[in-house]
Enquirer: 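Below: one structure in structure tokens.
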Amino acid sequence: TGSGQRGRSSIATVNGLNASEPSGSNKVSMTTNQDAIAEVKVLRNNYSPEFGNNGGAQINIVTKSGKKDYFGSAYYFLRNEALNANSFFNNRNGLEKARYRHNIWGFNGGGPVQVPWLYPNKGKKKLFFFYSLEKPHTITPSGAKFVTVPTELERNGDFSQSFTGLSGGNPVKAYIRDPQITAGNCNATDQSACFRDPSRATTGNPLGLNIIPRNRFNASGAAILNYFPVPNAIGGRNLAGNAYNYVIQKSVDVPKQSQVIRFDFKPTERDTFFVNAQWWTADNEGFDTSGWPGGDNNRWGISSHYLYRDNGMSINWVRLVGPAMVNEVSLGLRHDSEGFVPSTGEIDRLTRTALKYTAPQLFPANNTLGTIPRATSWGGLSQQAAVANINWLDRWGEVGNDYILPSISDNFTFNRQNHNYKAGIYFERIRNGEAPGGNWTGTFNFSGNDSNFLASQGNTTHPYANALIGSFRSYSESSA
């Protein structure tokens, strides 16, 4: 906040070009590496007329320029997990040290532009350059994810060893209702309406109780269950005593790059020009990228990029019209984009073809990624640390683009005795194009504990069993 205003009322500029987030948050999004910055000025009130625009703080950033003498610097910073001990919780859960690496290097330099025989720049007074490059690359651990996924037996219809929750810390046995049996019950005291498959009976389960016959499997429902990895932590309990059977930890990989180049030209004693161009790229890849649905149940295994690019150019001309008159003209152009890009191979694992998912869609033309539907509701498994979803953000696979085309200002200043007079114009055209997003693939709710989802409607009381026989509480899909 600034001057009592909300943060979105502030505005930041780099060399006069609007550097704020075009969607309206007005946070600085046109990133400039620190070694390329010459000056930062924060104006809280009593602005000069050229700083109108918004009612909050005005944050003005000016990049470095070349000088009469050549100068430069280079640097490198390192951090690596080899220098760290493993965390207590990783040791407790049998996890290896996660990758934790910071490799940050960069250099910058500037001075007069001199080209022998072509542009000697005698006296080093006319043309100057400055260039800066910084490439931070950080790999930072995210927290371990503790979730419940279907067991191999459950994927094969065998729920005889499954449980639906805990009571006093002990597992509560699952009983799987057969929706085709209209009489009787399926619980601890009456199993007359439970699924059973005598062909897969065992000595410990002579009736094949709570085993779904294979001829009742739905191929597409089975495909959804088979997307999940097999459990790697059977019988796991977190510190709160909740159950899980799968644990994973993955670091977030964030390579970035900032480039700034500036030329300053002084053709006469009365005229000064500069051109500044900069490029910024930031890529976040992992389970915990920006915008991804929160919680361990959504961040356990689908990897994605959040790719942000922001490029801008500023051109400035200052003309000393007379001893008491100065005119400054600025032109700016900018383009930024944010993309929610699936990690390499991620879509291949989720396609309907790869998983042999054959159920039709309502609006198949909208599903440009060709993935199976999302599955985000698995009610009926209580006291679990988290039940893994198949889920992603609505804008996955899409890119949004914002433009400033152009930003133009002309400020005229006239000094007379003890007074300054100013006049000018300011024009800015912003086009904000957010990635549209939508529930293009469809979303299933397989909850087994919904009182409005009756056995006569296909409810087995267990969400994995519901999926396996192709029975669902609800399905939704965007039309456009």
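Keep in mind that this is a model prediction, so the values were computed, not measured.
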Enquirer: For Ser407 and Asn18, does a side-chain donor sit closer than 3.5 Å to a side-chain acceptor?
Expert: no
Enquirer: Looking only at the side chains, is there a donor atom on one of Trp280 and Asn311 sitting less than 3.5 Å from an acceptor on the other?
Expert: no
Enquirer: Would you say Gln34 has more than 12 foreign heavy atoms packed within less than 6.0 Å of its CD?
Expert: no
Enquirer: Whether Asp283 and Arg309 form a salt bridge (side-chain N of Lys/Arg under 4.0 Å from carboxylate O of Asp/Glu) is what I want to check.
Expert: no
Enquirer: Given 3.5 Å as the limit, does a donor-acceptor pair link the side chain of Asn367 with the main chain of Gly370, or not?
Expert: yes
Enquirer: Are side-chain N/O atoms of Ser476 and Asn439 paired as donor and acceptor at under 3.5 Å?
Expert: yes
Enquirer: Could you go through Tyr475 and Leu362, starting from their C-alpha distance and side-chain angles, then the distance that decides it, and tell me whether this counts as side-chain contact (heavy atoms from CB on, under 4.5 Å)?
Expert: CA-CA 10 Å; Tyr475 174 81; Leu362 299 175; 4.1 Å; yes
Enquirer: Examine distances only and state if a side-chain atom of Lys250 and a backbone atom of Phe287 form a donor-acceptor pair shorter than 3.5 Å.
Expert: no
Enquirer: Side chains of Tyr464 and Asn466 only: does a donor on one sit below 3.5 Å from an acceptor on the other?
Expert: no
Enquirer: Using the salt bridge (charged side-chain N to carboxylate O under 4.0 Å, His left out) criterion, which residues pair with Asp402? Sequence neighbours excluded.
Expert: none
Enquirer: Answer yes or no for Lys97 and Tyr100: cation-pi contact, defined as NZ/CZ to six-membered ring centre under 6.0 Å and angle to ring axis within 45°.
Expert: no
Enquirer: Please tell me whether Phe340 and Trp396 form a close aromatic pair, meaning their ring centres lie under 6.0 Å apart.
Expert: no
Enquirer: Under a 4.0 Å N-O cut-off, is there an ion pair linking Glu338 with Arg395?
Expert: yes
Enquirer: Do Asp264 and Lys266 sit within salt-bridge range, that is, some charged N less than 4.0 Å from a carboxylate O?
Expert: no
Enquirer: For Arg79, which residues count as a salt bridge (charged side-chain N to carboxylate O under 4.0 Å, His left out) partner, sequence neighbours excluded?
Expert: none
Enquirer: Under 3.5 Å, is there a donor-acceptor pair between the Asp271 and Thr268 side chains?
Expert: yes
Enquirer: State whether a side-chain donor-acceptor pair under 3.5 Å links Glu346 with Trp392.
Expert: no
Enquirer: Test Asp336 against Asn401 for side chain to side chain donor-acceptor pair (under 3.5 Å), laying out the working first.
Expert: CA-CA 6 Å; Asp336 74 81; Asn401 292 280; over 6 Å; no
Enquirer: Assess the side chains of Asn90 and Gln249: does a donor N or O sit below 3.5 Å from an acceptor N or O?
Expert: yes
Enquirer: Checking side-chain polar atoms at under 3.5 Å, does Arg334 have a donor or acceptor matched by the opposite partner on Tyr403?
Expert: no
Enquirer: Tell me whether the guanidinium CZ or amine NZ of Arg262 lies under 6.0 angstrom from the six-membered ring centre of Phe274 and within 45° of its axis.
Expert: yes
Enquirer: Hey, are Asn33 and Ser132 close enough side-chain-wise for a donor-acceptor pair under 3.5 Å?
Expert: yes
Enquirer: Distance-only, no hydrogens or angles: does the Gln384 side chain make a donor-acceptor pair with backbone N or O of Ser382 under 3.5 Å?
Expert: yes
Enquirer: Start with the C-alpha distance between Asp253 and His137, add both sets of side-chain angles, then the distance that settles side chain to side chain donor-acceptor pair (under 3.5 Å), and finish with yes or no.
Expert: CA-CA 8 Å; Asp253 192 354; His137 188 176; 2.5 Å; yes
Enquirer: Please tell me whether Trp300 and Phe228 form a close aromatic pair, meaning their ring centres lie under 6.0 Å apart.
Expert: yes
Enquirer: Where do Leu350 and Ile390 land on the side-chain contact (heavy atoms from CB on, under 4.5 Å) test, with the steps shown first?
Expert: CA-CA 9 Å; Leu350 279 164; Ile390 300 174; 4.2 Å; yes
Enquirer: Hydrogens and angles aside, do Asn108 and Ser73 bring a side-chain donor and acceptor to less than 3.5 Å of each other?
Expert: yes
Enquirer: Using modelled atom types only, decide if a donor and an acceptor are shared between the side chain of Gln259 and the backbone of Trp279 within a distance under 3.5 Å.
Expert: no
Enquirer: Between Tyr227 and Arg349, is a side chain to side chain donor-acceptor pair (under 3.5 Å) present by the stated rule, with each step listed?
Expert: CA-CA 8 Å; Tyr227 170 76; Arg349 298 192 305 116; 3.2 Å; yes
Enquirer: Cut-off 3.5 Å, side chains only: do Glu134 and Ser258 have a donor facing an acceptor?
Expert: no
Enquirer: Can a side-chain donor-acceptor contact be found between Gln58 and Asn60 if the only test is distance below 3.5 angstrom?
Expert: no
Enquirer: Is it true that Trp292 and Tyr306 have ring centroids separated by less than 6.0 Å?
Expert: no
Enquirer: What's the verdict on side-chain contact (heavy atoms from CB on, under 4.5 Å) for Asn297 and Val387, showing C-alpha distance, side-chain angles and the deciding distance?
Expert: CA-CA 5 Å; Asn297 56 335; Val387 180; 5.7 Å; no
Enquirer: Are side-chain N/O atoms of Ser142 and Asp288 paired as donor and acceptor at under 3.5 Å?
Expert: yes
Enquirer: Among side-chain atoms of Tyr76 and Asn103, is any donor-acceptor pair under 3.5 angstrom?
Expert: yes
Enquirer: Does Glu39 CD have over 12 foreign heavy atoms under 6.0 Å away?
Expert: yes
Enquirer: Does Ser314 offer a backbone N or O that forms a donor-acceptor pair with the side chain of Asn15 under 3.5 Å?
Expert: no
Enquirer: Less than 3.5 Å apart, any donor N or O on the side chain of Glu477 or Gln361 sitting next to an acceptor on the other?
Expert: yes
